Amino acid sequence: MKEYQTITEISGPLVFVETDEPVGYDEIVEIETADGQTRRGQVLDSTSEHVAIQVFEGTEGIDRQSSVTFLGETMKMPVTEDLLGRVLDGSGNPIDDGPDIVPEERRDIVGEAINPYSREYPEDFIQTGVSVIDGMNTLVRGQKLPIFSASGLPHNELALQIARQASVPEEEEEGEDTEFAVIFGAMGITAEEANEFMDDFERTGALERSVVFMNLANDPAVERTITPRLALTTAEYLAFDQGYHVLVILTDVTNYCEALREIGAAREEVPGRRGYPGYMYTDLAQLYERAGRIKGQGGSITQIPILTMPSDDITHPIPDLTGYITEGQILVDRGLNSQGIQPPVDPLPSLSRLMDDGIGEGLTRGDHGGVSDQLYAAYAEGEDKRDLVQIVGREALSERDNRYLDFAEAFEEQFVQQGYNTDREIDETLDIGWDLLSMLPEAELNRVDEDDIEEHYQDDVEAEVTAD
Amino acid sequence: MSQATDTTVREDGVIESVSGPVVTARDLDAKMNDVVYVGDEGLMGEVIEIEGNITTIQVYEETSGVSPGEPVESTGAPLSVDLGPGMLDTIYDGVQRPLEVLEEKMGSAFLDRGVDAPGIDLGRTWEFEPEVEEGDDVETGDVVGTVPETASIDHKVMVPPDSEGGEVVAIESGNFTVEETVAELDSGEEIQMRQEWPVRQERPTVDKQTPTEPLTSGQRILDGLFPLAKGGTAAIPGPFGSGKTVTQQSLAKFADADIVVYIGCGERGNEMTEVIDDFPELPDPQTGNPLMDRTCLIANTSNMPVAARESCVYTGITIAEYYRDMGYDVALMADSTSRWAEAMREISSRLEEMPGEEGYPAYLAARLSAFYERAGYFENINGTEGSISVIGAVSPPGGDFSEPVTQNTLRIVKTFWALDSDLAERRHFPAINWNDSYSLYRDQLDPWFAENVADDWAEQRQWAIDTLDEDGELQEVVQLVGKDALPEDQQLTLEVARYLKEAWLQQNALHEVDRYCPPEKTYRILGAIKTFNDEAFDALDAGVPVDEITDIDALPRLNRIGTTPDDEADDFVDDIESDMTEQLRSLY
């Protein structure tokens, strides 16, 4: 390993070094400053005469005399089952005063793409106990389903509730342990938020089955670009080598993207939309696509990334590109939140693409799909009527329209509203759905099968509403 | 990837710099678009720029750890695909490496680097049956024999486009591998089943004709309102979650094409897995054989190397052209062309080219139009007729159709299926907006529908369009004053339009009957709604209040026609029509 003292330029998170030996692309670099500190970085650009290095821990204190060592390998994550229960920093070093980690293996953190031919299609229903998710945006094992939120909204509470309650009822009946191992990757969140997560993990004993990676708001921004990769490399090892069902929570992807933009700007790249790099889609895909299942292997990786939409704008490049890669999204809504609905998830713009294969007869219940579609259609109709009622008033609306208005209100208060500590079985969720649908005239229910109407529709509810 | 031919590899360059998928090499003797092998691991790449002594290469694999000074070898040949029997029922990556073979070779579910595999199995034998005899004269493109490639498709072995042709001096039936000679010509030329063709070059044809036959899709809104022609081009733009992929997959499943080439370009891995799982199970509505028998899949998911994403649409269309040459109707789905455009943008920005609109390269429009122009209804060089229909999904950022990829695509394609997030949110699927979408093929396809489905196909469709238009205008008023403030006849129109939307335009892609609706049934459902319309307005004229008209119990059954099995649908519609008529007439 050759040491160089030939730094020619330092600019933002980047350091340029003249070299006389070839250096591999993506290779890891150690830079020692005059006061003896060591910083790590990664090669972004390599030519036969000089290389560009992105320094994870920031460039403060580096000068022309700092010595640069190329380690001759790409970034690796030491993996072992013993990582469960540990807390690491954003670069993968333990910060919990625990024993040293003795790795089974050191894995490249970039990760290779899963061969689409080798994937197993996800279709195991995960019961999160949250009605609006289980009933209308069902999560399945191996899915990547982000939470689209915004500043000031309780996305963390929702993520924690899912992490606490997630189970696979089908396998539980067979006596299997379906508890998830949780990998938590924090990118640039505040210490307070981090405490919220850690307290909950400790309170519920979930920490034992968790690996926590912490890059906090005051940690170096560039480090954020490797934190999720370390987390996912660990997840892959636990899932596909050790057979765990892993739930990966990444928060906050927005901070990750800001770090990408910072590096792009420092490299003077041609920017894409809103200054984010043109390769952000590919980069995000390399994170999100690491969710899934593999044929013939027991484990799985389910991802719940959290992102905060700048100014609640779903067309902003970060949620937009994410939505194009992930298999749906759960949308946390400001309006519902101010109404006090917990969790304030707006089902209309939310979506789970893998829902249809995870529900139905033998998986959840035969009427699940129909109930979900009917709730969607009815709530959308009710929302429309709300716009109208603003203008013409309730009296001017027909009886049918009034029914839909009542429905929308009851839907929010009984179906969506449940509190962060209520764990609802899927049967309960669907039954609440039927209670609500029974507020509407039977003839309006065109998305559910006639047999299901026969079985679940309650005529008396209709009568009650009409009597008012 | 075609690599079966023995190309003399020359070791002649060294890497100068590495930056992501873009590598430059010094002293490399190569032509533009030549395939090269990069570095000690031999990663596959393609020459995209030559400047002085420096050659720029886009690499189809991950370049971590590759360093300057490593060798670069040129094959002297452009990126080509292997063409021959065995492409159907196969799934490839963006440079035609079969993913099943890669899994075997790598011994892992993860895609490793530096592993290559021929596009078609060189060891497998096929049963060759001659179509010509010794002494016959054959010309370029002529069919010399056939091979049963799958239960659905006879593969035609053709004289390659670069051959002169001549008199057949030896030919016999038997089992051959794709590299063995199946026919010999007097010129000494030997014909094998396997051909090679550079992907960026169009395969030759005689003439492009005006398409007159529809590519029926079994989707009511498409066949009924916005039909696509065999040999036509269509774009499906829409924000995420609006159902692009579901629509593309429905087309791949039910379109009446002979061959389907499905390109998953920069999309989700699980979606491709779904296709791989579903297609062998689902029957082809035309032949009853598994759908995979007519399908070739190309999967370059979003996390696979970006340069291979750039090339995957070319790989796909070249395979489509080869089957077209046999006289087949081919449908090609590209999901999504935006990812392809973004791959161009990414490579272009690494080359530090001057960007055009939104960072896309200035040649974006030219590349898009050149690609779509490879679609069409063709007269082939062997005298047969074949077609390629191209259906491209577009993923506009933020669902904004004014962005460059959507706009440049719309300038080329003649059918536009606009997906709408508002419809998707209320679970109206397919979420194709009937006001914004269009098809410029309507007029040229009407004679076919008149002849094969019903004489008044075009008039009935026009009635539906008019009613939906009127509904659109009335809805704006309803938003302001409420429905009850409208006159009765307009309320009735709204009700008719509601059935048009719910019973006709909506279709459940997951329901085993409703997912495929033959054109005859599409016509009957619309007819039933029109019957209601006509009878209802008669009743209204006779003084019956609109509430009573819409309250008849035959009416909600309109919504059930779609899910009624095709062989019972005719009787079911007859019943509804007579019940509706009877019930309405009894009101006055």
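All values derive from a computational prediction rather than experimental measurement. Both backbone and side-chain heavy atoms feed into the values below; hydrogens, waters and symmetry mates do not. Lettering follows sequence order; numbering is per chain, from 1.
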Are [X] and [Y] close enough for a salt bridge, meaning some N to O gap below 4.0 Å?
X      : Y      : value
B:R97  : B:E61  : yes
B:K483 : B:E495 : yes
B:R268 : A:E327 : no
A:D313 : A:R274 : yes

If I measure from the heavy atoms of chain A, does [X] come under 4.5 Å with its side chain, its backbone, both, or neither?
X      : answer
B:P396 : both
B:E346 : side chain
B:D553 : neither
B:E70  : neither
B:T301 : side chain
B:E274 : both

Quick one: what part of [X] sits under 4.5 Å from any heavy atom of chain B, side chain, backbone, both or neither?
X      : value
A:D357 : side chain
A:F240 : side chain
A:I294 : side chain
A:E269 : neither
A:L287 : neither

* Asked: Does B:R339 make a cation-pi contact with A:Y324 (under 6.0 Å, within 45 degrees of the axis)?
  ->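 Judged by the rule, B:R339 and A:Y324 form a cation-pi pair.
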* Among A:R290, A:R107, A:K76, side-chain hydrogen bond (donor to acceptor under 3.5 Å, both in side chains) partner for A:T233 ->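 Considering A:R290, A:R107, A:K76, a side-chain hydrogen bond (donor to acceptor under 3.5 Å, both in side chains) with A:T233 is found only for A:R290.
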Among [options], residue most engaged with chain B (heavy-atom pairs, under 4.5 Å):
options                : result
A:R273, A:E381, A:R353 : A:R353
A:P349, A:A52, A:G369  : A:P349
A:E450, A:Q286, A:R119 : A:R119

* Indicate whether the side chain of A:T302 and that of A:Q143 have a donor and an acceptor atom separated by less than 3.5 Å. =>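 A:T302 vs A:Q143: no donor-acceptor pair found between side chains.
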* What residue, out of B:R427, B:R426, B:Q506, B:H428, has the most heavy-atom pairs lying under 4.5 Å from chain A? ->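 Option with the greatest count: B:R427.
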